[in-house]
Amino acid sequence: MSGCAARRVGNPDEFARLIEPLLSADPVRWTVLAVSVERARRGAAPDDALLFVVEDDAGAVVAAGQHWPPYGVGLHGAGAEVGDAAGTAAAALVLSLGRTPHGVVGRREAAYGFVRAWREATGDGARLTRSMRLHRLGSLVPPRGVVGTSRPASEADVPLVGEWMDRFQADIDQVTTRGEDWARERWPRVVVWEAAAAPVAMAASTPPAAGVSRVGPVYTPPGSRSHGFGTAVTAAATQAAIDGGASGACLYTDLANPVSNSIYAKIGYVPVADEVELTFGTAPG
């Protein structure tokens, strides 16, 4: 696709209107952007947040993205049919605004299109730092035989949930928030798994956006792993999201972790698309 251009949209309501056809066509594919739009409309976006659309030469919106520091530029929904052109257009916009993202994340074609344009303009290449897979819920199949039960988190769980969030971020080498701050905001949508009257795992979900709730993060402390707690709490958090009004659910897995990809398939999640995270540095992009 040629003739694409990206432009900033400063008003979240206007942005939501512009991307509504994309969300309606495939809310799972655009889940990250859908959640971000809802946060922006609630006034929860960072002051330096960037929302943008990519239009073809006829003015039709064919893709969209965001840059919410400290995250990289997000091009999650832009598929192969528009990916390279969308990535190139997004890079041109980000460069024109003088922004300096640490990287880009999204579907392969869009992410690498962004990196190629960025390298041509700045000389800065990128390295692959994570490969992920997006899954959508088919039919939920809760696991059998896992010791314990689930319960909604309470405000009293905030210190523990915050500590676990810090550990989760350390495990994936991606610290973007203080665990306690995250826990204070998100605890009403956290589910805890308990065994022998003690918390052993947690899973969170987002409020429904375009009807879809995204499950994650999921965390089980090292001493409680290999007992099925993570699988069970993921299923419980998924059910809680559906009970709370979501018409569908999705989640991301790290392709470097084959265990997570297999266990989520067992409870009813099916692959949708693969994405990459690229971090700017001196390696070829």
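Sorted by first and then second residue, the salt bridge (Lys or Arg N to Asp or Glu O under 4.0 Å) pairs involving residues 208-236 (not counting sequence neighbours) are D171-R225.
Inter-residue side-chain proximity for Y269 and L137 is flagged as met; some heavy-atom pair is nearer than 4.5 Å. Contact of the T129 side chain with the L278 side chain is not registered, since no non-hydrogen atoms from C-beta on lie closer than 4.5 Å. Looking only at side-chain heavy atoms (C-beta outward), P142 and Q239 stay at 4.5 Å or farther from each other. Contact of the V215 side chain with the Y252 side chain is not registered, since no non-hydrogen atoms from C-beta on lie closer than 4.5 Å. Side-chain contact check for V37 versus R39: every heavy-atom pair is 4.5 Å or farther apart. No side-chain heavy atom of H227 sits under 4.5 Å from any side-chain heavy atom of V200. Under the 4.5 Å side-chain criterion, counting only non-hydrogen atoms from C-beta, V192 is not in contact with V233. M132 has its side chain within reach of V105: a pair of non-hydrogen atoms, C-beta onward, lies under 4.5 Å apart.
Here the closest heavy-atom approach between residue A89 and residue A6 is recorded as O-CB, 3.5 Å. V54 and C4 get closest at one heavy-atom pair: CG1-CB, 3.9 Å. Between L22 and W30, the closest heavy-atom pair is O-CD1, 3.4 Å. For A235 against L140, the heavy-atom pair with the smallest separation is O-CD2, 3.8 Å. In terms of heavy-atom proximity, Q169 sits nearest to T177 at NE2-O, 2.8 Å. Heavy-atom minimum distance, R107 versus A78: CB-O, 3.2 Å.
Proximity of a side-chain donor or acceptor of T238 to a complementary backbone N or O of T234 within less than 3.5 Å is detected. Distance alone, capped at 3.5 Å, is enough to place a donor-acceptor pair between the D166 side chain and the G179 backbone. Judged by distance alone, the side chain of T31 and the main-chain N or O of V28 form no donor-acceptor pair under 3.5 Å. D56 contributes no side-chain N or O that, together with a main-chain N or O of V62, makes up a donor-acceptor pair within less than 3.5 Å. Side chain of S213 to backbone of P207: no donor-acceptor contact under 3.5 angstrom is found. No donor-acceptor pair closer than 3.5 Å links the side chain of R186 to the backbone N or O of D181.
No continuous path of ILVMFWY side-chain contacts below 4.5 Å connects M165 to W187, so the two sit in separate hydrophobic clusters. Residues L33 and V35 do not share a hydrophobic cluster, clusters being chains of Ile/Leu/Val/Met/Phe/Trp/Tyr side chains in contact below 4.5 Å. Cluster annotation: L93 and Y112 are assigned to the same hydrophobic cluster (Ile/Leu/Val/Met/Phe/Trp/Tyr, side-chain heavy-atom contacts under 4.5 Å, transitive). Hydrophobic clustering, with ILVMFWY side chains joined whenever heavy atoms are under 4.5 angstrom apart, keeps I172 apart from V259. Grouping the Ile, Leu, Val, Met, Phe, Trp and Tyr side chains by contacts below 4.5 angstrom, directly or via other members, places V191 with Y264.
Atom CZ of R8 is separated from atom CG of L51 by 8.5 Å, given to the nearest 0.5 angstrom. In this structure, CG on L95 lies 7.0 Å from OG1 on T122, to the nearest 0.5 angstrom. The line from CZ of F280 to OG1 of T100 is 10.0 Å long, rounded to the nearest 0.5 Å. Taking CZ from F52 and CG from L97, the interatomic distance works out to 10.0 Å, rounded to the nearest 0.5 Å. The OG1 atom of T279 sits 8.5 Å away from the CD atom of Q174 when rounded to the nearest 0.5 Å. Residue I242 holds its CD1 atom at 9.5 Å from OG of S205, rounded to the nearest 0.5 Å.
Taking the charged nitrogens against the carboxylate oxygens, R116 and D84 do have a contact shorter than 4.0 Å, which makes a salt bridge. Ionic pairing of D157 and R151 is present here: one or more N-O contacts between side-chain nitrogen and carboxylate oxygen are shorter than 4.0 angstrom. Using a 4.0 Å cut-off between a side-chain N of Lys or Arg and a carboxylate O of Asp or Glu, E81 and R29 qualify as a salt bridge. For D13 and R41, the salt-bridge test passes: some basic side-chain N is under 4.0 Å from an acidic carboxylate O. Salt-bridge formation is not detected for the pair R127/E277: no Lys NZ or Arg NE/NH1/NH2 atom is positioned less than 4.0 Å from an Asp or Glu carboxylate oxygen.
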Would you please test I19 and V9 for side chain to side chain contact (heavy atoms under 4.5 Å, CB included) and show each step?
CA-CA 11 Å; I19 68 169; V9 182; over 6 Å; no

Take E180 and R184 through the salt bridge (Lys or Arg N to Asp or Glu O under 4.0 Å) test and state the conclusion after the steps.
CA-CA 6 Å; E180 186 172 353; R184 290 198 178 281; 3.0 Å; yes

Check step by step if side chain to side chain contact (heavy atoms under 4.5 Å, CB included) holds for V272 and H135.
CA-CA 5 Å; V272 173; H135 305 252; 5.5 Å; no

Side chain to side chain contact (heavy atoms under 4.5 Å, CB included) between V146 and W193, worked out
CA-CA 10 Å; V146 180; W193 192 267; 4.0 Å; yes

Working note: R17 + E20, criterion salt bridge (Lys or Arg N to Asp or Glu O under 4.0 Å); need CA distance, chi angles, decisive distance, verdict.
CA-CA 5 Å; R17 184 189 68 79; E20 194 278 332; over 6 Å; no

Checking V104 against W118 for the side chain to side chain contact (heavy atoms under 4.5 Å, CB included) test, could you report, in this order, the C-alpha distance in whole Å, the side-chain angles of both residues, the deciding distance, and whether it holds?
CA-CA 10 Å; V104 59; W118 191 268; over 6 Å; no

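The environment of D173 atom CG is sparse: at most 12 non-hydrogen atoms of other residues, nucleotides or ligands sit within 6.0 angstrom. Counting heavy atoms of neighbouring residues, nucleotides and ligands inside a 6.0 Å radius, atom CZ of R42 exceeds 12 of them. The local environment of CZ in R189 is crowded, with over 12 non-hydrogen atoms from other residues, nucleotides or ligands closer than 6.0 Å.
Ring geometry for Y219 against F168 counts as perpendicular: the plane angle is over 60°, on a 0 to 90° scale with 30° as the lower cut.
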Using a 3.5 Å cut-off and no angle test, enumerate the donor-acceptor pairs between side-chain atoms of residues 68-77 and protein atoms at least two apart in sequence or in another chain.
| unit_1 | atom_1 | unit_2 | atom_2 | d |
| --- | --- | --- | --- | --- |
| W68 | NE1 | Q66 | OE1 | 3.4 |
| Y71 | OH | T176 | OG1 | 3.1 |
| H76 | ND1 | E275 | OE1 | 2.8 |

